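All remarks here apply to the structure that follows.
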Amino acid sequence: MLKATSVQRMSVRFAKWNLFGRGSSKADMYEIPEESSEMEDYQRQIENLEKEARGEYIESKRNKSRLTASHRQMIQGKHPFEGVIFEYGNKHRSRKFKREMFGRYGTKTGIDPGTLWATEKDLELAKEWEALYQPAPLRQMISETLRAEEEKMNRKIERERKIDDNLSKLEGQITAWKNRVSAKNRLAEGERNRREKVLAELKAEFGYDINPNDEIMKARIEEREKVLIKEERELKKQLRKEKLEREREAAST
């Protein structure tokens, strides 16, 4: 509709009045020239403006998040406009901020990498700071740190080696511990059996249960236990001797 109206107005504007035409009708009074290239360019400009306006309107309706253009750029993985294209303060003009932008978004930011290097003044200030606040030169501190890390790693390796050795000996240690426990249990059981046997003998002798805490009875009990221990040792020796003899006989046959 807009195109037709524009063409009609331009056609009327460039119409020619035929004053000297004879025998012509009223329809021939106005001569409508053909559309010129200027009119076509103008019409195309109007259409492009309409498309841009409609596109901006649609984009404004799509932006439900109400984020700024810079924030939308950052969400899409692109550099923000604020600070890179539009510098609003000293922070955006600082070398630190530009280094961050260049390091994160690269050459797409349009930042010249040559402007991000430290100046001679910055290097002098860094040297003065190191001389005042660092106890040793940077290279020495780095070498000491590396050496400390290496020593820490060696201690860790040595500790793991000891753990592996102990784990390999674990089964034998558990077996030895069980043998010690069983030996202690057998010893305690033997003492308990001897004490019960001595108390039973004394009961048979006196006809009643004696008091093992009595001083006279204590001496009798200890004396009798020594005799029983000696008898048990003699019995063990005899059993070992018989066992050796059987083994010899089995080996000779």
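It should be emphasised that the depicted structure is a prediction, and the values quoted were computed from it without experimental measurement.
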Item checked: salt_bridge(R194, E231) N-O dist < 4.0 Å -> no

Checklist line | Under 3.5 Å: donor-acceptor pair, side chain of T109, backbone of M101 | finding: no

Check: Is it the case that one hydrophobic cluster holds both L202 and Y208, taking links as side-chain heavy atoms less than 4.5 Å apart, direct or via other members?
Finding: yes

Margin query: Distance check, rounded to the nearest 0.5 Å: F81 atom CZ versus Q73 atom CD?
Written below: 3.5 Å

Margin query: Could you measure the distance from the CD atom of E158 to the CD atom of E151? Nearest 0.5 Å is fine.
Written below: 14.0 Å

Check: With side chains defined as the heavy atoms from C-beta onward, is the minimum distance between E144 and Q140 less than 4.5 Å?
Finding: yes

Margin query: Does I157 form a side-chain contact (heavy atoms from CB on, under 4.5 Å) with M153? I'd like the steps, not just the answer.
Written below: CA-CA 6 Å; I157 293 172; M153 182 60 66; 4.1 Å; yes

Checklist line | Electrostatic pair D165:R161 at N-O distance under 4.0 angstrom | finding: yes

Notebook entry, point to check: Can you get from L132 to W129 by hopping between Ile, Leu, Val, Met, Phe, Trp and Tyr side chains that sit under 4.5 Å apart?
Noted result: yes

Notebook entry, point to check: Is Y57 atom OH crowded by more than 12 heavy atoms from other residues, nucleotides or ligands, each under 6.0 Å away?
Noted result: no

Check: Would you call R44 and E47 a salt bridge, taking side-chain N to carboxylate O under 4.0 Å as the test?
Finding: no

Checklist line | Verdict with reasoning, T119 to D122, per side-chain hydrogen bond (donor to acceptor under 3.5 Å, both in side chains) | finding: CA-CA 5 Å; T119 61; D122 295 335; 3.1 Å; yes

Checklist line | Sub-4.5 Å side-chain heavy-atom contact between L49 and E52 | finding: yes

Note to self: Are there over 12 heavy-atom neighbours, none belonging to R93, within less than 6.0 Å of that residue's CZ?
What the structure shows: yes

Margin query: Does N48, at its CG atom, have more than 12 non-hydrogen atoms belonging to other residues, nucleotides or ligands within less than 6.0 Å?
Written below: yes

Checklist line | Check: H79 and I85 side chains under 4.5 Å, non-hydrogen atoms | finding: yes

Notebook entry, point to check: Quick one: are E225 and I221 in side-chain contact, heavy atoms under 4.5 Å?
Noted result: yes

Margin query: Tell me whether the count of non-hydrogen atoms from other residues, nucleotides or ligands lying under 6.0 Å of CH2 in W177 goes above 12.
Written below: no

Check: How many angstroms lie between CD in E128 and CD in E130, if you round to the nearest 0.5 Å?
Finding: 11.0 Å

Item checked: Exceeds 12 heavy-atom contacts within 6.0 angstrom, atom CD of E196 -> yes

Next item on the list: Please say whether more than 12 non-hydrogen atoms of neighbouring residues, nucleotides or ligands are located less than 6.0 Å from NZ in K218.
Entry: yes

Checklist line | Atom pair CD/OG1 of E82 and T68 - distance to nearest 0.5 Å | finding: 7.0 Å

Next item on the list: Supply the atom-to-atom distance L244 CG to E242 CD, rounded to the nearest 0.5 angstrom.
Entry: 10.5 Å

Next item on the list: For E234 and Q238, test the side chains for any donor-to-acceptor distance below 3.5 angstrom and give the result as yes or no.
Entry: no

Check: Got a second to check how far R95's CZ is from T115's OG1, nearest 0.5 Å?
Finding: 8.5 Å

Note to self: Angle between ring planes, F97 versus H92, binned at 30° and 60°: parallel, tilted or perpendicular?
What the structure shows: tilted

Check: Which atoms form the tightest heavy-atom contact between N211 and M217, and what is the distance?
Finding: O-CB, 3.5 Å

